[in-house]
Amino acid sequence: MTTDRNFLSQLNPSQRRAVEHFCGPLLVVAGAGSGKTRALTYRIAHLIRHHQVDPENILAVTFTNKAAREMKERIEAIFAQDLAQNKYGQRLELLAEYEQKQLRSRIYKTITKKLWIGTFHSLFARILRYDINKYQDERGRIWTRNFSIFDESDAQSLVKNIVTKQLNLDEKKFDPRSIRYQISNAKNLGLSPEQYLKENPHYKGRVIAEVYDGYQAQLAANNALDFDDLILIPVRLFQQNESILGYWHSQFRHILVDEYQDTNRIQYELIRLLSTNGETRKSEWNWQGRSIFVVGDADQSIYSFRMADFTILLNFQSDFGDGLPDEDTRTMIKLEENYRSRENILQAANSLIENNTQRIEKVLKPTRGLGEQIYCYKADNEQAEAEFVINKLKHLREENPELDWGSFAILYRTNAQSRSFEDALIQRSVPYTIVGGFKFYDRQEIKDALAYLRVVSNPADTVSLLRIINTPRRGIGKATIELLISASQELSVPLWEILSDETSVNTLAGRAAKAINKFVKTIQEFQEQIETLSAAEILHQIMEKSGYIDELKSKGTEEADNRLENVYELNNAVLQFQQDTEDTTLEGFLANASLASDLDNLEEGQQKVSLMTLHSAKGLEFPVVFLVGLEQGLLPHGRSIDDPLALEEERRLCYVGVTRAQEQLFLTYAKERYTWGSRETKIPSQFLQELPKELISSNIKPKIYSRRLIASKPAGGAILSDRDLNWSVGDRVVHQVYGEGEVTHILGSGKKATLAIKFSDLGQQKIIPPTDPKLAPMQ
DNA sequence: AGTGGGTTTGTTTTT
DNA sequence: CAAACCCACT
């Protein structure tokens, strides 16, 4: 028996077609829970085993590092199983432990290690380590392979600095955060500052372009890139250098992209260049021994704020295929059977998403029986909401031995919502993990430690240098630093150049000279050993020699102890990384650390309740899901509520949440919650109304609503009673979509009358017919 | 030079 | 209601 037959037989016909696809373009439209990850994994295995594709020639893009890791593990397991059969005629798990280990390590060396599997960011960061020295931007700026990767807060402060210090602009009028966002968007569209200016020639656009240009200059001066550059620069490099593109084009013969609906323009461009070698004439494309295979679901596109554009997915067939409709072509496969959720949950999901206009028709087909009803809980406030959730999950766990804490997830729209649940979980001593929010790598001491490493690896990184130059305190004051910075600016060299020149320091720094020279020597000592010492050794020693550890130890406060603990944990993380990747270089670890996300630490089988945002939950599944905070203004979020397209994305987000649940789904909302320090009345999410009533049970007592509803119901809305029109200015009202408001004007009269209502949630006025069924007077 | 207190500002979502 | 930010004081 071959394992080949083994895994192909586990697939339905569509999945099987996807897995067996060899050359040319293919779009797999995969609904939630339809086994797309499986299709992706098996296809990679199939390419290697059945078509003898060299693992080195496969590029697979995943959405998170965690997904990449899991995919590698699964592929490794398939081949290790194979090898066990061939070599010992036995299943892998029946072999002795050391034999298993040996087989796995052999597969790791011959297959897993060679596969290019990762996120866009980590894959192309790696490619830039090879080729960035061949790149020049439009102003002739260059970078070297030891570049730093700046995180969002680094980028933020760079922009802020340019706005306030370099251009002397009013921070109030030119909000650095918004400008930073514009710059990021421009980069995600592939626009340089000049190109951005051309498209935005108005005053504000000119300012943004100028900041953008200054920002690029700063990045270059620091030999640093931001997240967006990791994609943008490869594209530019490939566009300007045919031979480099040619090299990677022939390297990556089979390209696979997961979550293709959340790809943005520049990522698409990158994929297009690599797969077509930059050739725009379709007649010239040669798919011999090559493929482009993308998997996605437009209904789960939830990253438009990051410039993701699901029309890229919708256009796949015309971009890469023959452009013929589905039936006449072999470039699209739909996976609609859902193997994850109970039928009740799927029905709810289907009817919810049908309210969207921007989609391709697709229905999730149940395979797993009806299951429990969905339960909707109306809570008095956020504490009561949390209370209900914790009680419920404790109860469920007691009743069902197959459930452990890890079977539960609490999903919410915004990170801030986690608080009340955390409090309740702690109080009832339920183990939990929070994904997202404050990350390990965002902690002060971790950033300090990484800054030391970055300066060793990339001394031009002035941002990191300034972070640590007087941390721990060594008497290098603000005035001294200012002086040295202006010297470096005058000579237009990195600050480090000044610091590492002893005579300059001695003439400029006065009293602090001694301390600076000592600091510089410490760093230099490690720079010299960068090739010989491992990342872990460098980290360990530099934290000792810089005095950082001593400072924390001598403080003795609980907080300092905690920090110390975290530094040690970082050391463990480096060791773990070195073990997993067999990469002991400092550069390797730093790149990994910058791109690590919190989600990556979510281990399965951890026996802890998971708390996370809906965005983080994408791609995950849990037996029991609590989707909380289903209120107007929260889900849908207040900032999306009056933009129809944004509202559809909120609905997709809700859809993602619903489809995470395997067995049971709970929906909750609160009547009242603290927002900005004051109590606010909330109204149920409009999405709740979009779910079929018969699927849902709840604690909401049917109550007599309004005079209007009672009056108009028997008439079916056709005949209006007098009361329908009996509104007056100053009436308080509730609208199911817009929330609470007050009638400010009555326009017209009789049956054609309309109401102008000022909604407090929206901060804005709306014109609404008095017969709108979503409108009711407030009790 | 570093802390402290008082003020302001802000909440989508993330690689 | 926080966290973050700023200024002034020690």
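Per chain, numbering begins at 1; letters A, B, ... match sequence-line order. Because the structure is predicted, anything quoted here is derived from the model rather than measured.
- We find that NZ of Lys66(A) is positioned 16 Å from C1' of dT14(B), with the value rounded to whole Å.
- Rounded to whole Å, the distance from CZ on Phe63(A) to C1' on dT14(B) is 8 Å.
- For the pair Ser616(A) and dT14(B), the criterion of a side-chain N or O lying under 4.0 Å from OP1 or OP2 is met.
- Residue order along DNA chain B, read from the 5' end via each residue's closest nucleotide, puts Lys478(A) first among Lys478(A) and Leu653(A).
- Leu483(A) has its CG atom 12 Å from the P atom of dA1(B), to the nearest Å.
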Take Arg679(A) and Asn381(A), measure what side chain to side chain contact (heavy atoms under 4.5 Å, CB included) needs, and give me the verdict at the end. CA-CA 9 Å; Arg679(A) 282 220 161 272; Asn381(A) 51 46; 4.1 Å; yes

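- Rounded to an integer number of Å, the gap from CD1 of Ile434(A) to P of dT14(B) is 13 Å.
- When distances are taken from the side chain of Arg413(A) to each of dA1(B), dT13(B), dT15(B), the shortest belongs to dT13(B).
- Rounded to an integer number of Å, the gap from CD of Glu649(A) to C1' of dT14(B) is 12 Å.
- dT13(B) has its base stacked against the ring of Phe305(A), the centroids being under 5.5 angstrom apart at an interplanar angle below 30°.
- Contact of Arg639(A) with dT12(B) (side chain to base): no donor-acceptor pair of N or O atoms is detected under 3.5 Å.
- In this structure, Arg265(A) is positioned above the aromatic face of Tyr268(A), its NZ or CZ under 6.0 Å from the six-membered ring centre and within 45° of the axis.
- Judged purely by distance below 3.5 Å, without hydrogens or angles, the side chains of Thr357(A) and Glu648(A) pair a donor atom with an acceptor atom.
- In this structure, Arg639(A) is not positioned above the aromatic face of Phe305(A) in the sense of NZ or CZ being under 6.0 Å from the six-membered ring centre and within 45° of the axis.
- dC5(C) and dT12(B) have their C1' atoms separated by 22 Å, with the value rounded to a whole Å.
- Picking from dA2(C), dT12(B), dT14(B) the nucleotide with the shortest atom distance to the side chain of Thr414(A) gives dT12(B).
- Between Asn188(A) and the phosphate of dT15(B), there is no side-chain N or O to OP1/OP2 separation shorter than 4.0 Å.
- Using a 4.0 Å heavy-atom distance criterion, Tyr303(A) is classed as a sugar-phosphate-only contact.
- Rounded to whole angstrom, the span from the CG atom of Asn65(A) across to the C1' atom of dT14(B) amounts to 12 Å.
- In this structure, the CG atom of Leu647(A) is 17 Å from the P atom of dT12(B), given to the nearest Å.
- Checked against dT15(B), dT14(B), dG2(B), the side chain of His615(A) finds its nearest nucleotide in dT14(B).
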Residues Glu70(A), Lys66(A); criterion salt bridge (charged side-chain N to carboxylate O under 4.0 Å, His left out); working and verdict: CA-CA 6 Å; Glu70(A) 281 172 2; Lys66(A) 176 173 176 266; 3.3 Å; yes

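- Atom CD1 in Ile469(A) sits about 12 Å away from atom P in dA1(B), given to the nearest Å.
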For DNA chain B, what is the dot-bracket line, given that a base pair needs Watson-Crick (N1 to N3, plus N6-O4 or O6-N4) or G-U wobble (N1-O2 and O6-N3) geometry with both distances under 3.5 Å, and | means paired with another strand? ||||||||||.....

Test log, rule side chain to side chain contact (heavy atoms under 4.5 Å, CB included), inputs Lys36(A) and Leu40(A): CA-CA 6 Å; Lys36(A) 74 183 165 75; Leu40(A) 216 49; over 6 Å; no

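- The phosphate of dT13(B) has OP1 or OP2 within less than 4.0 Å of a side-chain N or O from Asn415(A).
- Contact annotation: Thr613(A) does not reach the phosphate of dT12(B) (side-chain N/O to OP1 or OP2, under 4.0 Å).
- With respect to Glu631(A), the side chain to side chain donor-acceptor pair (under 3.5 Å) criterion is satisfied by exactly one of Lys682(A), Lys671(A), Arg673(A), Gln686(A): Arg673(A).
- Residue contacts for Asp262(A): at a heavy-atom cut-off of 4.0 Å it reaches no nucleic acid atom on any strand shown.
- Distances shorter than 4.0 Å separate none of the side-chain N or O atoms of Asn264(A) from OP1 or OP2 on dT15(B).
- The phosphate of dT13(B) has neither OP1 nor OP2 within less than 4.0 Å of any side-chain N or O from Arg652(A).
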Take Phe150(A) and Val463(A) through the test side chain to side chain contact (heavy atoms under 4.5 Å, CB included) and record every step on the way to the result. CA-CA 9 Å; Phe150(A) 278 2; Val463(A) 171; 3.7 Å; yes

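- Comparing Arg473(A) and His121(A) along DNA chain B, the residue whose closest nucleotide (by nearest heavy atom) sits nearer the 5' end is Arg473(A).
- Using a 3.5 Å distance cut-off with no hydrogens or angles, the side chains of Thr471(A) and Asp448(A) do not pair a donor with an acceptor.
- Listed nucleotides: dT14(B), dT3(B), dT12(B). Nearest to the side chain of His637(A): dT12(B).
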